[in-house]
Amino acid sequence: MKFKAVIFDMDGVMFDTESVCMKSWDAVGEEMGIGKAGYMVYKTLGMTAEAAIEILQNEFGKDFDARLFKQKGRECSYKYFNDFGVPEKPFLHEALDYLKSKDYKLAVASSTSSDSVFHHLKEKNITDYFDTVICGDMIKNSKPAPDIYLKACEKLGESPENCVAVEDSKNGILSAYRAGMNVIMIPDLWQGEEKIDKLLFAKLKSLNDIKSVL
């Protein structure tokens with residue numbers, strides 16, 4: 001079957017930002033008196049800011065200022081990005097060039113806020129590769145709900161079964177699968193699990209392997 005479009009998650013797929021977030025949350029957690037909190041990145045992978053705040057509140061109690069924690073964590077991460085740049089995943093540009101050469105429509109479906117998504121895409125000079133970009137603040141329900149992928153498919157003018165999602169998180173995989181898409185997983189922090197792996201079209205080691213299946 002010839003697919004029509006490929007829709008990328010951003011964090012952990014195109015950019016190595018999850019590891020930066022973990023270090024930031026460790027530092028901010030200690031500053032706010034809850035200890036290293038980087039492990040919470042695993043519990044919020046693929047979620048919008050609002051959904052992550054709810055998870056953080058559940059973990060640290062109703063009196064914990066999860067919104068302030070997220071804000072400080074973001075400031076800490078952006079200091080890193082400003083100092084060192086946004087770390088991109090290996091073979092990102094090569095994969096995008098390959099897919100464009102094969103006439104796939106391309107999109108981004110990221111739970112991250114618009115300002116961060118467009119900042120990262122612009123810094124790496126890849127904005128123009130994408131026909132549409134859908135961000136976490138553009139949809140009502142966070143991954144694992146299918147909303148963000150359904151919207152991306154709609155914007156591309158393609159039915160979900162003709163589209164491929166490239167994901168790294170359980171929430172992201174479930175979101176794309178529930179939207180009726182074909183899902184490629186490229187593991188980042190989370191390596192997958194048997195029942196989720198069964199939902200996949202393919203599980204690859206890196207973006208370089210995309211050309212072997214598309």
Side-chain angles (χ1 to χ4, degrees), residues 1-18 41-42 44-48 51 88-112 117 120-121 124 126 129-136 138-139 141-214:
M1 179 183 180
K2 174 72 168 114
F3 299 115
K4 306 287 189 185
V6 182
I7 305 174
F8 287 83
D9 174 48
M10 186 182 76
D11 295 297
V13 171
M14 294 196 289
F15 304 119
D16 188 16
T17 42
E18 306 285 19
V41 171
Y42 285 97
T44 57
L45 282 174
M47 292 184 173
T48 61
E88 66 182 59
K89 285 289 191 173
F91 308 108
L92 173 61
H93 286 81
E94 292 89 339
L96 295 174
D97 283 334
Y98 170 78
L99 293 169
K100 274 296 184 189
S101 76
K102 296 295 182 181
D103 295 323
Y104 286 102
K105 295 179 182 177
L106 300 182
V108 176
S110 171
S111 297
T112 302
V117 172
H120 294 359
L121 297 179
K124 296 303 174 185
I126 59 173
Y129 281 98
F130 299 103
D131 299 285
T132 192
V133 177
I134 310 297
C135 309
M138 299 177 183
I139 45 118
N141 298 306
S142 175
K143 298 174 183 178
D147 301 33
I148 195 166
Y149 278 110
L150 290 173
K151 185 164 184 175
C153 292
E154 181 188 338
K155 288 283 188 182
L156 290 173
E158 299 292 347
S159 59
E161 61 267 24
N162 291 331
C163 298
V164 174
V166 186
E167 271 287 353
D168 67 305
S169 72
K170 183 175 182 176
N171 286 323
I173 291 165
L174 288 172
S175 173
Y177 182 81
R178 289 168 181 171
M181 298 175 65
N182 307 275
V183 190
I184 290 174
M185 181 187 183
I186 303 177
D188 182 43
L189 295 183
W190 184 68
Q191 297 303 305
E193 58 189 61
E194 189 177 352
K195 66 179 181 180
I196 298 297
D197 287 358
K198 288 177 180 176
L199 309 180
L200 301 173
F201 170 70
K203 188 173 184 178
L204 307 176
K205 289 184 177 178
S206 76
L207 288 168
N208 194 44
D209 297 328
I210 280 181
K211 59 179 177 284
S212 69
V213 293
L214 294 179

Next on the checklist: Go through it in stages, so that I can follow the logic: the residues are Thr48 and Ile139, the test is side chain to side chain contact (heavy atoms under 4.5 Å, CB included), and I'd like the CA-CA distance, side-chain angles, deciding distance and then a yes or no.
Outcome noted: CA-CA 9 Å; Thr48 61; Ile139 45 118; 4.3 Å; yes
Next on the checklist: What verdict does the side chain to side chain contact (heavy atoms under 4.5 Å, CB included) test give for Ile186 and Lys89, after you've listed the backbone C-alpha separation in whole Å, the side-chain angles of each residue and the deciding distance to 0.1 Å?
Outcome noted: CA-CA 11 Å; Ile186 303 177; Lys89 285 289 191 173; over 6 Å; no
Next on the checklist: With side chain to side chain contact (heavy atoms under 4.5 Å, CB included) as the criterion, how do Trp190 and Ile196 come out once you've worked through the C-alpha distance, each side chain's angles and the decisive distance to 0.1 Å?
Outcome noted: CA-CA 12 Å; Trp190 184 68; Ile196 298 297; 3.8 Å; yes
Item to check | Met47 and Ser111: CA distance, side-chain angles, deciding distance, side chain to side chain contact (heavy atoms under 4.5 Å, CB included) verdict | outcome: CA-CA 6 Å; Met47 292 184 173; Ser111 297; 5.6 Å; no
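Checked against a 6.0 Å centroid threshold, the rings of Phe201 and Phe3 count as neighbours.
Between Val213 and Ala202, the shortest heavy-atom contact is CG1-CB, 4.3 Å. Heavy atoms only, all atoms of each residue included: Ala145 and Arg178 are closest at N-NH1, 4.5 Å. In plain terms, the two heavy atoms of Leu92 and Leu207 that are nearest each other are CA-CD1, 3.7 Å. Closest of all the heavy-atom pairs between Val183 and Ala176 is CG2-CB, 3.7 Å. Counting all heavy atoms, side chain and backbone alike, Ala5 lies closest to Leu156 at CB-CD1, 3.7 Å.
The closest side-chain heavy-atom distance from Val166 to Leu204 is not below 4.5 Å. Contact of the Leu199 side chain with the Leu174 side chain is registered, since non-hydrogen atoms from C-beta on lie closer than 4.5 Å. When side chains are defined from C-beta on, Ile126 does not count as touching Phe8, because their heavy atoms never get closer than 4.5 Å. Side-chain atoms of Met14 and Leu121, non-hydrogen and from C-beta on, do get closer than 4.5 Å to each other. The shortest side-chain heavy-atom distance between Cys153 and Ile7 falls under the 4.5 Å cut-off. Between Asp9 and Lys143 the shortest side-chain heavy-atom distance falls below 4.5 Å.
Applying the salt bridge (Lys or Arg N to Asp or Glu O under 4.0 Å) definition to pairs two or more places apart or across chains, none involves residues 204-214. Among pairs with a residue in residues 99-109, those fulfilling side-chain hydrogen bond (donor to acceptor under 3.5 Å, both in side chains) read Lys105-Glu158, at least two apart in sequence or across chains.
Glu193 pairs with exactly one of Lys203, Lys170, Lys198 by the salt bridge (Lys or Arg N to Asp or Glu O under 4.0 Å) rule, that one being Lys170. Applying the side-chain contact (heavy atoms from CB on, under 4.5 Å) test between Asp188 and each of Asp168, Val13, Thr17 identifies Asp168 as the sole match.
The main-chain N or O of Glu88 is never found under 3.5 Å from a side-chain atom of Asp16 such that the two would form a donor-acceptor pair. Side chain of Ser169 to backbone of Gly172: a donor-acceptor contact under 3.5 angstrom is found. With hydrogens and angles disregarded, no donor-acceptor distance shorter than 3.5 Å links the side chain of Tyr149 to the backbone of Pro160. At distances below 3.5 Å, at least one donor-acceptor pair connects side-chain atoms of Asn182 with backbone N or O atoms of Glu161.
The ring-ring contact (aromatic ring centres under 6.0 Å, His included) test applied to Phe15 returns His120, not counting sequence neighbours. Legend: residues meeting side-chain hydrogen bond (donor to acceptor under 3.5 Å, both in side chains) with Asn171, ordered by chain and number and at least two apart, are absent. Under the rule for a side-chain hydrogen bond (donor to acceptor under 3.5 Å, both in side chains), the partners of Thr112 that lie at least two apart in sequence or sit in another chain are Asp11, Ser110. Shown here are the side-chain hydrogen bond (donor to acceptor under 3.5 Å, both in side chains) partners of Glu194, two or more places apart in sequence or in another chain: there are none.
The number of heavy-atom neighbours closer than 6.0 Å to NZ of Lys124, taken from other residues, nucleotides and ligands shown, is above 12. Annotation for Tyr177: atom OH does not count as buried by contact number, only 12 or fewer foreign heavy atoms lying within 6.0 Å.
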